[in-house]
Amino acid sequence: MPYTINQVKELVREFPDFPSEGILFRDIFPIFREPEAVECLVGHFVEQVRGLGSPIDAVVGLDARGFLFGPLIALRLGVAFVPVRKGGKLPGGVVQAKYQKEYGVDVFEMQADGIQAGQNVVIVDDLLATGGSCRAAEELVGMLGGTVVLNAFVISLEGLEGRKQLKAPVYALIEC
């Protein structure tokens with residue numbers, strides 16, 4: 001039986017005090033236990049991207065949960081999927097961007113030939129919190145001459161104001 005987008009939203013679970021006290025963790029993994037829910041989620045994001053009215057050349061997925069549905073969205077759109085990974089995980093020439101995490105600085109990398117100058121890109125990930133990791137991905141795309149036309153998330157935590165860190169528009173299925 002096909003899922004509605006509201007039924008997909010209902011599959012997201014909340015775990016208080018995980019991974020540490022005071023944090024309310026939102027778990028998207030139950031969606032991936034239901035193939036029809038995944039189909040609905042991917043279809044929803046594809047509709048959002050097609051509604052932009054701009055041609056899209058690539059979908060960039062952030063390590064690691066952006067890898068779960070980013071390739072599926074790219075496949076549906078008939079465009080490339082380009083991973084952004086933690087430092088030291090990609091072979092060949094890479095570009096790097098540092099970003100601030102709650103407990104220090106981390107590095108994201110993208111292969112130097114992943115995006116071509118002039119390409120339009122959509123960045124996908126599961127969660128927008130402070131915006132640091134997505135901002136680093138925007139920087140990587142920019143270093144290679146691409147343009148981010150949309151940052152798409154399953155969940156956005158509004159109180160952390162991650163949207164303010166990003167240059168491109170933001171779409172979130174669930175806003176908390």
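Computed from a predicted structure; not experimentally measured.
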Asker: Would the distance check show the side chain of Glu161 and the main-chain N or O of Glu158 forming a donor-acceptor pair, the cut-off being under 3.5 Å?
Answerer: no

Asker: Side chains of His44 and Tyr171: do they bring a donor and an acceptor to under 3.5 Å?
Answerer: yes

Asker: Do NZ/NE/NH1/NH2 and the carboxylate oxygens of Arg50 and Glu47 come within less than 4.0 Å?
Answerer: no

Asker: So which heavy atom on Ser156 is nearest to which on Ala172, and how close?
Answerer: CB-CB, 3.5 Å

Asker: Tell me the closest heavy-atom pair linking Leu62 and Cys134, and the distance in Å.
Answerer: CD1-CA, 4.0 Å

Asker: Any heavy-atom pair between the side chains of Leu75 and Val42 that's under 4.5 Å?
Answerer: no

Asker: Supply the atom-to-atom distance Leu157 CG to Leu128 CG, rounded to the nearest 0.5 angstrom.
Answerer: 7.5 Å

Asker: Could you state the interatomic distance from CD1 (Ile174) to CD1 (Ile155), rounded to the nearest 0.5 Å?
Answerer: 5.0 Å

Asker: Does any part of the side chain of Gln119, heavy atoms only, come nearer than 4.5 Å to the side chain of Leu144, both counted from C-beta?
Answerer: no

Asker: Measure from the side-chain N and O atoms of Gln96 to the backbone N and O of Gly87, and report whether any donor-acceptor pair falls under 3.5 Å.
Answerer: no

Asker: A side-chain contact here means heavy atoms from C-beta on lying under 4.5 Å apart; do Lys9 and Leu173 qualify?
Answerer: yes

Asker: Is the CD atom of Glu14 crowded by more than 12 outside heavy atoms at less than 6.0 Å?
Answerer: yes

Asker: Is any NZ, NE, NH1 or NH2 atom of the basic residue among Glu39 and Arg76 found under 4.0 Å from an Asp or Glu carboxylate oxygen of the other?
Answerer: yes

Asker: Return the minimal non-hydrogen interatomic distance between Ala80 and Ala74, and the atom names on each side.
Answerer: O-CB, 3.7 Å

Asker: Cluster question for you: counting only ILVMFWY and a side-chain heavy-atom cut-off of under 4.5 Å, with indirect links fine, are Leu41 and Val170 together?
Answerer: no

Asker: Hey, does Phe108 have a side-chain heavy atom less than 4.5 Å from the side chain of Lys86?
Answerer: yes

Asker: Minimum heavy-atom separation for Val95 to Met143, with atom names?
Answerer: CB-SD, 3.9 Å

Asker: Measure across Gly61 and Phe81 and return the closest heavy-atom pair with its distance rounded to 0.1 Å.
Answerer: N-CE1, 3.5 Å

Asker: How long is the gap from SG on Cys40 to CD on Gln7, to the nearest 0.5 Å?
Answerer: 8.0 Å

Asker: Do the non-hydrogen side-chain atoms of Arg163 and Glu175 ever get within less than 4.5 Å of each other?
Answerer: yes

Asker: List the steps and the verdict of side chain to side chain contact (heavy atoms under 4.5 Å, CB included) for Asp57 and Val121.
Answerer: CA-CA 6 Å; Asp57 302 297; Val121 174; 5.9 Å; no

Asker: Do the non-hydrogen side-chain atoms of Arg85 and Glu109 ever get within less than 4.5 Å of each other?
Answerer: no

Asker: Group every Ile, Leu, Val, Met, Phe, Trp and Tyr by side-chain heavy-atom contacts under 4.5 Å, then state whether Phe67 and Val60 land in the same group.
Answerer: no

Asker: Which heavy atom of Arg135 sits nearest a heavy atom of Gln165, and at what distance?
Answerer: CD-O, 2.7 Å

Asker: Count I, L, V, M, F, W, Y as connected when their side-chain heavy atoms are under 4.5 Å apart, and connections chain through other members. Are Val82 and Ile56 then in the same cluster?
Answerer: no

Asker: Within the structure provided, determine whether Met110 and Ile115 are in side-chain contact (heavy-atom separation under 4.5 Å).
Answerer: yes

Asker: In terms of hydrophobic clustering (I, L, V, M, F, W, Y; side-chain heavy atoms under 4.5 Å; direct or indirect links), are Val148 and Ile73 co-clustered?
Answerer: no

Asker: Just how far is it from atom CD1 of Ile28 to atom CZ of Arg65, taken to the nearest 0.5 Å?
Answerer: 6.5 Å

Asker: Do Leu68 and Phe29 have side chains that get closer than 4.5 Å, going by heavy atoms?
Answerer: yes

Asker: Rounded to the nearest 0.5 Å, what's the gap from CD on Glu34 to CG on Leu11? Could you check?
Answerer: 6.5 Å

Asker: Can you hop from Phe153 to Val149 via hydrophobic side chains spaced under 4.5 Å?
Answerer: no

Asker: Could you tell me whether a side-chain N or O of Asn120 sits under 3.5 Å from a main-chain N or O of Pro55, the two making a donor and an acceptor?
Answerer: yes

Asker: Calculate, to the nearest 0.5 Å, the distance between atoms CZ and CG belonging to Phe69 and Asp125 respectively.
Answerer: 6.5 Å

